[in-house]
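Just so you know, residue 1 is the first one in the sequence shown, and it goes up from there. Predicted model, so just to flag it, every value in this text is computed and none were measured. All heavy atoms count here, side chains included; hydrogens, waters and symmetry mates do not.
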Amino acid sequence: MTTTTLAVLVPLLPFLGAVAGLLLGRTAPGYVRPLAVLPTLVAAVLAVVVAARQGGGPAIDAATRLTPTGSVPIDLALHLDGFAVLVAVLVGLVATCVQIYSTGYLRDDPRYPSYAALVSLFTAAMLLVVYSGDLMVLMVGWEIMGICSYFLVGHYWETPEARAASLKAFLVTKLGDVPFLIGLFALAADTGTFRITGILGAVANGGLDHPTVIALLLLAGVAGKSAQFPLHTWLPDAMAGPTPVSALIHAATMVAAGIYFVARLLPVFAESGAALVVLAVMAAVTMIGSGLAALAQDDIKRVLAYSTIGQLGYMSGALAVGDRGAAVFHLLSHGAFKAVLFLAAGVVIHAAGTNSLAAMSRMGGLAKRIPDAYWTMTVALLALAAIPPFAGFFSKEAVLVAAEHTALGDRHVAPAAAGWTVLVAGLLAAVLTAAYATRLWLLAFRGRGAEVPDHGRQPVAMTAVLWVLAVPTIAFGLTVGVITDWFDGHSLTPTVTTAVLSTGVALVGGLVTYAAWRHTTALAARIPVGAVVAHPDAEPALVEAEAMTHHTAGYGDTPGAPDPADPGRLLLGPLHRHAATGFHLDALYTKLFVRAVQAAASLVRFLDREVVDTYVRGSGTGARLLGTAVRRAQTGNVQTYLSALLAGSLVLAIAAVVFATVNAGS
């Protein structure tokens, strides 16, 4: 088969698996798991074949006219460059691991068939975004991911947290999608095409008339989809969904889509220095704010959620300084170690019976109960903290090197201000990243207290994929010297200056957190916190759902919970209560926007009920009264009808005579 045919099959197979899974979910439940895993696995293998054939050479393009529009045509197009084929491999690998993991995690869930089908559809949509060479077709995959995330985040719809989180994720991302769609149309109006190759060609020839407006409109959609400030607030709440869904969203699909989109169209954004500065500031605020918030979270998955926001900030920072190779390199390495972190967190929650780090810090022996999750999570946290030689070190260094070169004037794609902004924020975020990674590891695996309840061994389906994903987490960075062909031939090798500086600040962040933990850990045994809801024989998904439901009841509101045993409280001091709530952005948005929208909705409801409905009811009442009056005249008496006819005729005759007389006199 040709490379283009294989590329078409890559998103098509998970889509067909999703359709088949939905159709056979009730009638033939035994086929659901094979239909969930096998199409995604084959798609991942085909993605590897496509990447090998593309080989980092010239982009492969193929297109057919989808529909004439009368103005700008829409094509069903493929655009396979080095970035696209590597990102597709990541999506296929993570999605396959998530599907395999889910067979054990949700083994007794009655809604597993619809869940598995939605995960397959989610995967197909992301692969469509990755391979698409036409922005309108890309938009189809973009929106399908949005609706899939709504259903998957709300999988535990019995809990109010899941219902609220799914609705919030949908609305916040749609808020960004409105200007995004306007930006796409404006871009097509300026360039005369939706084809990515055509747009890049027009930009190279100076065919973009409104670069700043278009770039800012597109950035609004990217901020929503990739959870960047100020539209990042949906992502921490989305942790109410099942853990495998969190891994899929954070590692390889939805949040990566915005970064990938900007990387694809970076020349468009590079036409506007103002847009790149805005992107740099957005990335800097995101990196630092999310790092502080992660250091204050009690829910292990919310720590990882804020971590994702911060790492996406690094990718945005790389794009802001005009280096899409560094951005995609970090996207790939982050996808591997973040998938490990979330899937391992699911094992931890199942073993501990809680998602609270405060409770885990008062347990003993958790690391011995789950050695697979312990070791793989340790490796992934080291990669997250950018400790060499793990993948996160090399990819984060690529971002900082790009920022350094822009700041010092060695690169001229972006303003120097953008370079300095990203470089300083990146170094500060490196300290915070190491701090919250160290805190999570110490509280989860170095707790002191009663032994963790024995849940038995975790299913092989859940532990095996951790080691599969640990391989790229350890080794992907070491390929930095041989994968440059897939990254426009651009060198991704770290420089000595940034490597020493970033590693040094990361070690400082980790050691300071360790010292704070040594100071506070003695208090853990004296101050009991909450309770653990654990059932040794329950499936992991049930344990997670109960843990989320009982978290607030058992441990209270995190900002107000008196837990001096938490090193994060010691490090943040009075800033802790603000960081724990995400710096009150949800409350701010509620006051500024939600209440205004609710007030407008109340006004519309009042006008509809009291004004519009009044006219409707009035017209109905008038017709009813008229009918009543007419009904009184319908007596059924023939003499009455004849009398009325004669009377009417007489009136008409008199009127005719009077009219004729008046006319004759004039």
Chemist: Between F487 and F83, does the ring centroid distance fall short of 6.0 Å?
Modeler: yes
Chemist: If you compare all heavy atoms of L219 against all heavy atoms of L279, which two are closest, and at what distance to 0.1 Å?
Modeler: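 Scanning both residues completely, I find the closest heavy atoms to be CD2-CD1, 3.8 Å.
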Chemist: Is the gap between the ring centers of F476 and F337 under 6.0 Å?
Modeler: no
Chemist: Please determine, by modelled atom types, if S246 and T243 share a side-chain donor-acceptor pair under 3.5 angstrom.
Modeler: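 No - no donor-acceptor pair under 3.5 Å links their side chains.
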Chemist: Indicate the ring-plane relationship of H334 and H330, choosing parallel, tilted or perpendicular according to the 30° and 60° boundaries.
Modeler: tilted
Chemist: Grab the two heavy atoms, one from L248 and one from T253, that are nearest each other, plus how far apart they are.
Modeler: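 Smallest heavy-atom distance, with atoms named: O-OG1, 2.7 Å.
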Chemist: Look up atom CD1 in I249 and atom OG1 in T308, then write down how far apart they are to the nearest 0.5 Å.
Modeler: 10.5 Å
Chemist: For residues A345 and L304, report the shortest heavy-atom separation together with the two atoms involved.
Modeler: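 In this case the closest contact between A345 and L304 is CB-CD1, 4.0 Å.
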Chemist: Within the 4.5 Å heavy-atom criterion, are T173 and S149 side-chain neighbours or not?
Modeler: no
Chemist: Which heavy-atom pair separates A344 from M377 by the least distance, and what is that distance?
Modeler: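 It is CB-CB, 4.0 Å.
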Chemist: In Å and rounded to the nearest 0.5 Å, what is the OG to CZ distance from S361 to R446?
Modeler: 13.5 Å
Chemist: For F269, which residues count as a ring pair (Phe, Tyr, Trp, His ring centres under 6.0 Å) partner, sequence neighbours excluded?
Modeler: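 Per chain and number, F269 pairs via ring pair (Phe, Tyr, Trp, His ring centres under 6.0 Å) with no residue.
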Chemist: When you look at I259 and S316, which way does the side-chain contact (heavy atoms from CB on, under 4.5 Å) test go after all the steps?
Modeler: CA-CA 7 Å; I259 301 299; S316 296; 3.4 Å; yes
Chemist: What's the spacing between L266 CG and L319 CG if we round to 0.5 Å?
Modeler: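 Separation between the atoms: 6.0 Å.
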Chemist: E397 and A499: which non-hydrogen atoms are nearest, and at how many Å?
Modeler: OE1-N, 3.0 Å
Chemist: What distance separates L440 CG from L341 CG, expressed to the nearest 0.5 Å?
Modeler: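 L440 CG to L341 CG: 8.0 Å, rounded to 0.5 Å.
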Chemist: Please confirm whether the ring centroid of F342 lies under 6.0 Å from the ring centroid of H250.
Modeler: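 Here the rings of H250 and F342 have centres that are less than 6.0 Å from each other.
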Chemist: Against the six-membered ring of F261, is K225 placed for a cation-pi contact (under 6.0 Å from the centre, within 45° of the normal)?
Modeler: no
Chemist: Can you see which heavy atom on S395 is nearest to which on S333, and at what distance?
Modeler: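 S395 and S333 have their closest heavy atoms at OG-OG, 2.5 Å.
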Chemist: Can you confirm whether I199 sits close enough to V268 that some side-chain heavy atom of one is under 4.5 Å from a side-chain heavy atom of the other?
Modeler: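 With C-beta onward as the side chain, the pair touches.
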Chemist: Once you round to the nearest 0.5 Å, how far does CG of N355 lie from CG of D299?
Modeler: 4.0 Å
Chemist: Calculate, to the nearest 0.5 Å, the distance between atoms CE and OG1 belonging to M145 and T123 respectively.
Modeler: 10.5 Å
